[in-house]
Trainee: 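Here it is, the structure, as structure tokens.
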Amino acid sequence: MSTNVTVRIPPSPTGRLHIGTARTALFNYLFARHADGRIVFRSEDTDRTRSKREHEDEIVEGLHWLGLDWDDFSRQSEHAARHTELLDGLIRAEKAFVSKEPAKDDPSREVEVVRLKNPGRAITFTDEIRGEITFDTTELGDFVIARSRDDALYHFAVVADDWDAGVTHVIRGEDHISNTPRQILIQEALGAPRPVYAHIPLILDAKRAKLSKRSGATSVMDYRAEGFLPEALVNYFALLGWNPGSDREDFSLAELVEAFSLAGVQKSGAAFDREKLLSVNQRWMRKLSDEAYVSHLNDLDPELDLSNIGKIVPLLKERARTFGEAREMLGGELAFLFAPPSVSKEALLAKTPAGRGAEVQRALERALEALAGLGSEIAANSAKDALMPIAEELEAVGKGSRGAFLWSLRYALSGSERSPDPFTIIYILGADEALSRLRHALALLGAS
RNA sequence: GGCCCUAUCGUCUAACGGCUAGGACAGCGCCCUUUCACGGCGUAAAUCGGGGUUCGAUUCCCCGUGGGGUCACCA
């Protein structure tokens, strides 16, 4: 592996795996893998009170689930001794100093924080995505870089760790733009090289504010639990703020690695659109083999009885946009496929013109006989071949009767005003169950 | 509010000075059709405003305005 490019994925384990974290990690991954470079994962756990191992585990698991990986793993807390060493060096060189001051949380107590001696000048850096950016750093003053000599703060730890890891490209959210000058100040004090910066646009919610817990589901794991495919999430996240310069939207992770370039990254924030994500997800679900589809359903809900679902998968593929939706359909609008529905005589004849009731009933009886003649194994199209002639005959006698008959047939089988067509239902139910439901409907009509 | 970033259909975006401003999602309509779903076709929908530069600006510059971010001894 060449080492001309090294990026970092530095999540802080203080919460669940946020969509924004995942997308930033994805962009780093795409950039690095495209350049055949290195990726270092660094858990930024220096906030001892908020950092939790369970969060780190979820972040790692979620990122792996999306298909991302890295070449090196470390925790910032493991670098504490190195931070102290660097801090001491800075103090000795009089580029930083220890300052005795009242503690922020308890002013009666005195603490010794470390502050950077700020030369106080304008800092200009080049952002790969936005061009030159200049800040006046005088207003920053001699800012705090460590709570004490052995407890470095974020900005210092980041700069030190990036330096030690040989990070060449810092690709992160736009919200870090204003952090960059102070990190550059620390770099210069340390004598560390300046990496290339690329600040990617933020993901916004529907109200165009930075995505937060209030904006709805923001954890990648929530989407997994809802039955989204990692391929779909990756595909959609990549297109939020990046594009290949063409109309193409269908990308696998490997194809993204191939196509990715910072030049295609957008400058302004992108609103997260769940509808579009759903559409992308459905596209990926449809690519699955029926077997894989069922296996995903099983992963989502191990309690689900999927023993006789094989014939139903095509129906789910054309309807469900997530596996969660698919599961709901099995217990909802498609539940009639598993247990006989209740049917009403009125709905059975809902589309039958006045005075034609007897006619439709006779046709249903003929349908029953035709079906019985097919035997118990029904092929995909044989029900249609057997029953459509009856419908056509009816139409010849009275216009609109075909539709009335087919409606009644379908309703007798599904007990629902909206459902797949009767032939598909018969195929799925099998001859015995279909005949039983038809008999039941006929009995209802006969009871007039 | 200071500082910084930013600005093409409702949303994601294409067009890196020169085409009727293109695509996708959502919307709407039509077709297919026994209903639903799928599918096919079509339609509506945008260059924030004002100045420049230029033969010519969505594109380059400036000023407004809008939006966003950030202002910790959090990361």
Side-chain angles (χ1 to χ4, degrees), chain A residues 10-15 21 44-51 76 99 101-105 111-115 127 129-131 133-137 139-140 143-148 151-155 157-158 173-182 199 201-202 204 206-210 236 239-250 263-264 266-280 282-283 286 314-320 329 333-334 350-351 388 391 395 400-411 414 416-424:
Chain A
S12 81
T14 52
T21 304
E44 308 229 309
D45 58 349
T46 50
D47 185 334
R48 297 205 189 112
T49 55
R50 290 197 301 150
S51 294
Q76 197 151 56
S99 165
E101 36 194 275
K104 265 281 171 65
D105 51 345
V111 293
E112 296 190 339
V113 300
V114 181
R115 291 181 176 273
D127 185 289
I129 294 164
R130 295 151 207 281
I133 299 175
T134 300
F135 280 87
D136 177 2
T137 65
E139 62 202 50
L140 259 32
F143 57 91
V144 177
I145 56 177
R147 292 186 189 90
S148 67
D151 195 2
L153 248 17
Y154 171 70
H155 292 296
V158 162
E174 190 182 359
D175 49 345
H176 282 286
I177 290 181
S178 55
N179 288 333
T180 306
R182 85 175 67 201
H199 289 95
L202 259 22
L204 277 18
K207 291 179 193 145
R208 302 204 68 83
K210 189 170 155 182
Y236 179 67
L239 260 15
L240 262 190
W242 172 85
N243 75 82
S246 70
D247 288 342
R248 184 174 171 196
E249 293 195 346
D250 193 346
Q266 214 68 23
K267 292 188 181 75
S268 56
F272 183 86
D273 182 2
R274 183 181 163 86
E275 285 300 317
K276 176 88 177 189
L277 205 212
L278 284 167
S279 149
V280 171
Q282 181 168 40
R283 211 179 61 223
R286 285 175 175 172
L315 291 185
L316 293 174
K317 276 186 176 174
E318 72 182 30
R319 283 152 208 265
M329 284 171 190
E333 64 185 87
L334 295 178
K351 302 295 176 187
M388 236 11 219
E395 182 73 5
S401 296
R402 175 180 58 193
F405 163 66
L406 290 171
W407 166 278
S408 300
L409 177 64
R410 190 182 58 72
Y411 178 79
S414 71
S416 171
E417 308 207 340
R418 305 173 352 161
S419 77
D421 69 84
F423 313 117
T424 302

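Sequence lines set the chain letters: A, B, ... in the order given, protein chains first and strands last, and positions in each chain run from 1.
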Trainee: Can you check the distance between C30(B) and U47(B), where both ends of the measurement are the P atom (answer in whole Å)?
Mentor: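 My reading of the P atoms in C30(B) and U47(B) gives 29 Å.
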Trainee: What nucleic acid atoms does Lys351(A) come within less than 4.0 Å of, heavy atoms only: base, sugar-phosphate, or nothing?
Mentor: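 No contact.
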Trainee: State whether Arg50(A) places a side-chain N or O below 4.0 Å from either non-bridging phosphate oxygen (OP1 or OP2) of A72(B).
Mentor: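 No, Arg50(A) has no side-chain N/O under 4.0 Å of OP1/OP2 on A72(B).
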Trainee: Given the C1' atoms of A44(B) and G29(B), what is the spacing between them in whole Å?
Mentor: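 Roughly 10 Å separates the two C1' atoms.
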Trainee: Spell out yes or no: do the side chain of Arg319(A) and the base of C36(B) have one donor N/O and one acceptor N/O closer than 3.5 Å?
Mentor: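 Answer is yes: a donor-acceptor pair is held.
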Trainee: Please measure how far the P atom in C38(B) lies from the corresponding atom in C28(B), and state the result in whole Å.
Mentor: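 Per the computed distance, 13 Å lies between those P atoms.
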Trainee: Please state how far atom CD1 in Ile129(A) lies from atom P in G69(B), giving the value in whole angstrom units.
Mentor: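 Computing the Ile129(A):CD1 to G69(B):P distance gives 18 Å.
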Trainee: I'd like to know if the side chain of Ser148(A) pairs up with that of Asp151(A) as donor and acceptor (distance under 3.5 Å, no hydrogens or angles considered).
Mentor: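 There is no such pair between these side chains.
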Trainee: Let's test your reading of the model: under 3.5 Å, does the base of U35(B) pair with the side chain of Arg410(A) as donor and acceptor?
Mentor: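 Flag set: donor-acceptor pair detected.
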Trainee: Can you tell me the Watson-Crick or wobble partner of C55(B), both distances under 3.5 angstrom?
Mentor: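 The base-pairing partner of C55(B), which may sit in any strand shown, is G18(B).
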Trainee: U13(B), A37(B), U6(B): which one has an atom nearest the side-chain heavy atoms of Glu318(A)?
Mentor: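 For the Glu318(A) side chain, the nearest candidate turns out to be A37(B).
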Trainee: Would you classify Val280(A) as touching base, sugar-phosphate or nothing, given that sugar-phosphate means primed atoms plus P, OP1 and OP2, and contacts are heavy atoms under 4.0 Å?
Mentor: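 Val280(A): no heavy atom of the nucleic acid under 4.0 Å.
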Trainee: Would you measure the distance from the P atom in G23(B) across to the matching atom in A15(B) and give it in whole Å?
Mentor: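 Result for the P pair: 15 Å, nearest Å.
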Trainee: Could you tell me how far apart Tyr236(A) (OH) and C25(B) (P) are, to the nearest whole angstrom?
Mentor: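 Going from Tyr236(A) (OH) to C25(B) (P), I get 13 Å.
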Trainee: From G69(B), A75(B), C73(B), pick the nucleotide closest to the side chain of His155(A)?
Mentor: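 Closest of the options to the side chain of His155(A): A75(B).
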Trainee: Could you give the NZ-to-P distance, from Lys267(A) to G68(B), as a whole number of Å?
Mentor: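 Distance check: Lys267(A) NZ to G68(B) P gives 20 Å.
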Trainee: Check if the side chain of Glu139(A) and the base of G2(B) share a donor-acceptor pair of N or O atoms closer than 3.5 Å.
Mentor: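 When only heavy-atom distances are counted, Glu139(A) does not reach the base of G2(B) through any donor-acceptor pair under 3.5 Å.
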Trainee: Look at the side chain of Glu249(A) and decide which nucleotide, out of G22(B), U6(B), A24(B), has an atom nearest to it.
Mentor: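 Output: A24(B).
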Trainee: Could you please name the option among U11(B), A75(B), C5(B) that lies closest to any side-chain atom of Ile177(A)?
Mentor: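 Nucleotide nearest to Ile177(A)'s side chain: C5(B).
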Trainee: Choose from G69(B), U34(B), C73(B) the nucleotide whose nearest atom is closest to any side-chain atom of Met388(A).
Mentor: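 Selected nucleotide: U34(B).
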Trainee: I want to verify a distance call: between U35(B), G69(B), U11(B), whose nearest atom is closest to the Asp421(A) side chain?
Mentor: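 Nearest listed nucleotide: U35(B).
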Trainee: Quick check for you: among A75(B), U34(B), C36(B), whose closest atom lies nearest to any side-chain atom of Arg418(A)?
Mentor: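 Closest of the options to the side chain of Arg418(A): C36(B).
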Trainee: Look at all strands and tell whether Ala391(A) reaches a base, only sugar-phosphate, or nothing, counting heavy atoms closer than 4.0 Å.
Mentor: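 No contact at all - Ala391(A) keeps every heavy atom at 4.0 Å or more from the nucleic acid.
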Trainee: Of the options G68(B), A75(B), U34(B), whose atoms approach the side-chain atoms of Phe423(A) most closely?
Mentor: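 Nearest listed nucleotide: U34(B).
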Trainee: If you look at every strand shown and take non-hydrogen atoms under 4.0 Å, does Leu315(A) touch a base, only sugar-phosphate, or nothing?
Mentor: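 Since no nucleic acid heavy atom lies under 4.0 Å of Leu315(A), the category is nothing.
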Trainee: Both Gly241(A) and Ala152(A) contact RNA chain B. Which one's nearest nucleotide lies toward the 5' end?
Mentor: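 Going by which nucleotide is closer to the 5' end, it is Gly241(A).
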Trainee: Side chain of Ser178(A) only, please: which of G10(B), G23(B), U70(B) is the nearest?
Mentor: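 Shortest atom-to-atom distance from the side chain points to U70(B).
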Trainee: For U58(B) and A46(B), measure between their C1' atoms and round to the nearest Å.
Mentor: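 It comes out at 10 Å once rounded to the nearest Å.
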